[in-house]
Protein chains: 2
Amino acid sequence: MKIDPTNPADLSAQIAKAIRDAIISGALPVDERLPSEAELADQFNVSRPTVREALKRLAAQSLIRTQRGATGGAFVNRLKFEDAYGQQITTSTLLLSMNDVSFATACEARYALERACAPLSAQRRTADHLATMRAEAHRQSQPGLTDEAFCASDVAFHRALVDAAGNPVLSYQLAGAVEAMQPLMNMITFTARSRETIIALHTAIADAIEAHDGANADENLAKLARYTQELAQDVIAQRQAARASK
Amino acid sequence: MKIDPTNPADLSAQIAKAIRDAIISGALPVDERLPSEAELADQFNVSRPTVREALKRLAAQSLIRTQRGATGGAFVNRLKFEDAYGQQITTSTLLLSMNDVSFATACEARYALERACAPLSAQRRTADHLATMRAEAHRQSQPGLTDEAFCASDVAFHRALVDAAGNPVLSYQLAGAVEAMQPLMNMITFTARSRETIIALHTAIADAIEAHDGANADENLAKLARYTQELAQDVIAQRQAARASK
DNA sequence: CAATTTTCATTTGTCAGACAATTAAACGTC
DNA sequence: GACGTTTAATTGTCTGACAAATGAAAATTG
């Protein structure tokens, strides 16, 4: 692990990169203790605050964890799927909001990925996953449910569908897509009319998954995708009309 | 933006969270300049090093950029897809290597996601994307190509396939899955025999994409997925046999 | 007056040294 | 041997300082 001492700027970034590379390459295995901040400062020939800034960068990516005390220090962290979810959701949310990604594009991506899971989910679903999907579909039909609660339930339904595929890598990838889209989805579920149709499709999907019928599940997901897109178009058209009349 | 002063530990994490939430909520728009480090230190009632550690955490996630000088400071960064790629690849790579994700699981996820793109790619592919796919398929058939170069070309081929869908959200999601799997894929492409079959399937996929035939592309992707899984199983079996004979 | 150079104030990047808080191990004491 | 005490190591934070970069204002020059 070496840094370029000729460039006295961004030292903490260079140090962070050196340690990150060592972790990715496997030179620093999981739960390995890094040298203390003072030792790192000596090794890299920088001050302790600079080392600390580098370590904080790595901590922000959940690559290390720190512990105080006599046997404390910085340890290479086993990156868990749950840790990665949060970052994935944050990043996806900001990507969508900062890059003028259209609802159509985001929606298309989401349903394309979700349909990729459908055959696997139909094949491998457990009673547990199915029960979750049923429970969420039932909750969605409760009158008086707020839009936020409906959307949260919608996310839970689709996550159960994805988790039923029994592939953590797929679950991780889709978590970002589904959760990041929730704010965008909020705007199209505010009428009782659209809720009815969505719930009907959710029920049809759950039926297909229960029957291990991947093709049927895929078909109903496609219908849901189409219906969602249409609703969004209507909402956008209405808003433009309202703006024009002002 | 408030922090909890009663807990004098993890101050930098609290400050980072406060600023991150403000960015995600939109309270701090893109290109907005944050207060100077000294001002932030005053506002949060902490020292400048603590503020700096918080800012470095945000910089590690590409949420802010910093600039020195009179009109410098920390600015809310527009998160670009290309910035997010790197983090996505790092995270995915570590998730796979640190969680004993089997080759089968990773491979299944990758091809499931890629097949989700196939219909869109067949429909929307430009001459450019097709040319890239053809060029990479041709490169793969060159004799004397190293394993690393073959795999790099393989990744380039599949990225072109995904990019042809014309959906940046899909491209972003898949970039992580495809690139993170490259180290795992490396081990199964070292025989001329397997290369031939892979190249034949790549060519078939390119043909299908050229003909706007999504179903055909999907079918050949499925074949490629199956063949890859079989190769991996053989390699693993051979290794176990070699270990047993020692 | 216009153009150029110089100066200067602001801000980040880095450093040195210090103290507080935490934690586990070493040490006594009963 | 069990239980409290001390101690050393380590991170978390603070203070104060200086260097480097950078744009704006001031001074200089044609």
Side-chain angles (χ1 to χ4, degrees), chain A residues 1-20 23 28 30-77, chain B residues 1-20 23 28 30-77:
Chain A
M1 290 196 298
K2 293 275 171 62
I3 59 172
D4 176 16
T6 63
N7 183 7
D10 289 326
L11 285 177
S12 72
Q14 290 179 46
I15 294 170
K17 183 178 189 315
I19 299 176
R20 179 163 39 234
I23 293 174
L28 290 174
V30 167
D31 292 335
E32 177 90 348
R33 183 180 174 282
L34 295 175
S36 73
E37 295 176 354
E39 285 171 328
L40 285 172
D42 277 349
Q43 282 183 28
F44 287 114
N45 215 8
V46 298
S47 69
R48 195 161 83 94
T50 302
V51 168
R52 282 183 60 80
E53 287 178 10
L55 294 180
K56 294 311 170 194
R57 289 176 188 264
L58 300 175
Q61 296 177 295
S62 307
L63 296 188
I64 62 169
R65 63 179 186 277
T66 56
Q67 202 178 353
R68 282 210 272 201
T71 59
F75 297 83
V76 177
N77 194 33
Chain B
M1 290 197 297
K2 293 274 171 62
I3 60 170
D4 175 16
T6 62
N7 183 7
D10 289 326
L11 285 178
S12 73
Q14 291 179 45
I15 294 170
K17 183 177 189 314
I19 299 176
R20 181 163 38 236
I23 293 174
L28 290 173
V30 168
D31 291 336
E32 176 91 350
R33 183 181 174 281
L34 295 174
S36 73
E37 296 176 352
E39 286 171 327
L40 285 172
D42 276 351
Q43 283 183 27
F44 288 113
N45 215 5
V46 298
S47 69
R48 193 159 85 93
T50 302
V51 168
R52 282 183 61 79
E53 287 177 9
L55 293 179
K56 293 312 170 196
R57 295 176 115 109
L58 300 175
Q61 296 177 295
S62 306
L63 297 188
I64 61 170
R65 62 179 186 277
T66 55
Q67 201 177 353
R68 281 211 272 199
T71 59
F75 298 84
V76 177
N77 195 33

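Throughout, a chain's letter reflects where its sequence line sits, starting with A, and its residues are numbered from 1.
OP1 or OP2 of dG13(C) has at least one side-chain nitrogen or oxygen of T66(B) nearer than 4.0 Å. The phosphate of dG13(C) (OP1 or OP2) has a side-chain N or O of R52(B) nearer than 4.0 angstrom. Contact annotation: T50(A) side-chain N/O to dG13(C) OP1/OP2 distance is not under 4.0 Å.
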Enumerate all atom pairs, one protein N or O and one N or O from nucleotides 7-11 of chain C, separated by less than 3.5 Å.
{"unit_1": "dT10(C)", "atom_1": "O2", "unit_2": "A70(B)", "atom_2": "N", "d": "3.2"}
{"unit_1": "dT11(C)", "atom_1": "O4'", "unit_2": "G69(B)", "atom_2": "O", "d": "3.1"}

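Closest to the side chain of R48(A), out of dT14(C), dT11(D), dA16(C), is dT11(D).
Listed by chain and number, the residues in a side chain to side chain contact (heavy atoms under 4.5 Å, CB included) with A13(B) are D10(B), R57(B) (sequence neighbours excluded).
A side-chain donor-acceptor contact under 3.5 Å links R65(A) to the backbone of V76(A). The closest donor-acceptor contact from the side chain of R33(A) to the backbone of G72(A) lies under 3.5 Å. R48(A) places no side-chain N or O within donor-acceptor distance of the main-chain N or O of L40(A), the cut-off being under 3.5 Å.
Closest approach of S12(B) and T50(B) over heavy atoms only: CB-O, 3.6 Å.
When the P atom of dT10(D) is taken as reference, atom CZ of F75(A) falls 10 Å away, rounded to whole Å.
Between A38(A) and S47(B), the residue anchored closer to the 5' end of DNA chain D is A38(A), taking for each the nucleotide with the nearest heavy atom.
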